[in-house]
Number of protein chains: 2
Amino acid sequence: MAANSRLTIAVHILAWMALASRRGREVMTSEEIAASLATNPVIVRRSLGELRAAGLVASRRGAGAGWRLTRGPESITVLDVHDALGAEPLFALHPSAPNLECPVGHGIRPVLTEVYAAVDEAVRRELGGRTVADVLAQTLAAKETA
Amino acid sequence: MAANSRLTIAVHILAWMALASRRGREVMTSEEIAASLATNPVIVRRSLGELRAAGLVASRRGAGAGWRLTRGPESITVLDVHDALGAEPLFALHPSAPNLECPVGHGIRPVLTEVYAAVDEAVRRELGGRTVADVLAQTLAAKETA
DNA sequence: TCGATCGTAACAGTTCTTGTTACAACAGAT
DNA sequence: ATCTGTTGTAACAAGAACTGTTACGATCGA
């Protein structure tokens, strides 16, 4: 599959909007944002649509329209972004039910469900510990030393 | 996409082989294993082929052929299985390079790389803490109470 | 030599992602 | 009221991954 870069796209968008907002440009068009990502504005609008559904950004239509953050970037964790994108689980159980007559087939699904839940929890802990503001700060710091 | 159930398949296979081995059947055919998963033997052989490349199982061809574990199930972690399958990273960076003239586009990639590495590390810690023997034991325990 | 099984290629069907074009809906500006 | 820029969304193509199937050569014990 084309690897999943939706989280990268969304975090990039929010970091860029946060920087622009700090510089006084509170409202940005999808075309302006797309320029930073070097991609198509529709890609950006799709991503922004999901972020809006989660309440992280708001949009306005018509002339002079655009997108703006609804919260400060220090209150948006990468986990919030991840959840806004509605990611599917990392690991799936059997696509079709295993043989329930077999002792393993009979009992393994709840066990793996628990394992996968623990993994998911660990991922959420990691993502929840970083905010968009953190990412932006590190990004700008890296720029200085580079 | 069809969600990724390869880890589920592989762990199921190994747990089933471990139980059979404990019962005295050290060598199993892909067809026998496939019966427990209620799937096609080729699916099982594909998975077993990856596990063999990682040294977790061995195969013999010809008459009376089949597959057997090369280690005790208590020495195979779910992480070993995961690594044997050569999983691709959970999150990817931008599919095409962002605009490097933009401060965010310029510096964000190493930052996200670090974030994703931390997530991957957390996943590995979780998976590394459980063995195939653990999964089998819990599976059989669940069967008794069910 | 026979027969069972591995090992692997080829193909179909499904789903997801990225990227593109197109166009209606909207709302401020003139 | 009309113009204009932007959102919002649909439709489509190309590419990739996974599951599942059929097919068949390679291997090796009996």
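Letters go in sequence order (proteins before strands), and every chain restarts at 1. Please read these numbers as outputs of a predicted model, since none were measured by experiment.
- At whole-Å resolution of the value, CD in Glu88(A) and C1' in dT14(C) are 13 Å apart.
- Here Gly49(B) lies out of heavy-atom contact (under 4.0 Å) with every strand.
- Considering only side-chain N and O atoms, Arg52(B) lies nowhere under 4.0 angstrom from the phosphate OP1 or OP2 of dC6(C).
- Atoms CZ (Arg60(A)) and C1' (dA29(C)) sit 13 Å apart, rounded to a whole Å.
- Ala20(A) and Met28(A) get closest at one heavy-atom pair: CB-SD, 3.5 Å.
- Distance CD1 (Ile13(B)) to P (dC6(C)): 12 Å, rounded to an integer number of Å.
- Taking the six-membered ring where tryptophan is involved, the planes of His82(B) and Phe91(A) are perpendicular, since the angle between them exceeds 60° and thus also 30°.
- A heavy-atom distance below 4.0 Å to DNA chain C is reached by these residues of residues 91-99 of chain B, ordered by number: Pro95(B), Ser96(B).
- Between Thr39(A) and the phosphate of dG19(C), there is a side-chain N or O to OP1/OP2 separation shorter than 4.0 Å.
- Using a 30° and 60° split on the angle between ring planes, His12(A) and His94(B) fall in the perpendicular class, above 60°.
- If you run side chain to side chain contact (heavy atoms under 4.5 Å, CB included) between Val135(B) and each of Ile76(B), Leu14(B), Val11(B), Val81(B), only Val11(B) comes through.
- Rounded to whole Å, atom P of dC16(C) lies 18 Å from atom CG of Leu7(A).
- Checking Ala65(A) against Val42(A), the closest nucleotide of DNA chain D that is more toward the 5' end is the one next to Ala65(A).
- One interatomic measurement links the two molecules: CZ of Arg45(B) to C1' of dC24(D), which rounds to 11 Å at whole-angstrom precision.
- Summarising the geometry, the separation between CH2 on Trp67(B) and P on dC28(D) is reported as 14 Å, rounded to the nearest angstrom.
- A sub-4.0 Å separation between OP1 or OP2 of dC18(D) and a side-chain N or O of Arg6(B) is present.
- For dT27(D), the base has no donor-acceptor partner in the side chain of Arg61(B) [N/O atoms by modelled type, under 3.5 angstrom].
- Without hydrogens or angle criteria, Asp120(B) side chain to Ala117(B) main chain gives no donor-acceptor distance under 3.5 Å.
- Summarising the local packing, CD of Glu31(A) is surrounded by 12 or fewer heavy atoms from other residues, nucleotides or ligands at distances under 6.0 Å.
- Ser59(A) has no side-chain polar atom (N or O) that falls below the 4.0 Å cut-off from OP1 or OP2 of dT6(D).
- For Ser30(A), a side-chain nitrogen or oxygen approaches OP1 or OP2 of dT7(D) to under 4.0 Å.
- For the pair Arg46(B) CZ and dT8(C) P, the interatomic distance rounds to 12 Å; values are reported in whole Å.
- For the pair Gly62(B) and Ile9(A), both in contact range of DNA chain C, the more 5′-proximal nearest nucleotide belongs to Gly62(B).
- Inter-residue side-chain proximity for Trp67(A) and Val44(A) is flagged as unmet; no heavy-atom pair is nearer than 4.5 Å.
- We find that CG of Asn40(A) is positioned 18 Å from P of dC12(D), with the value rounded to whole Å.
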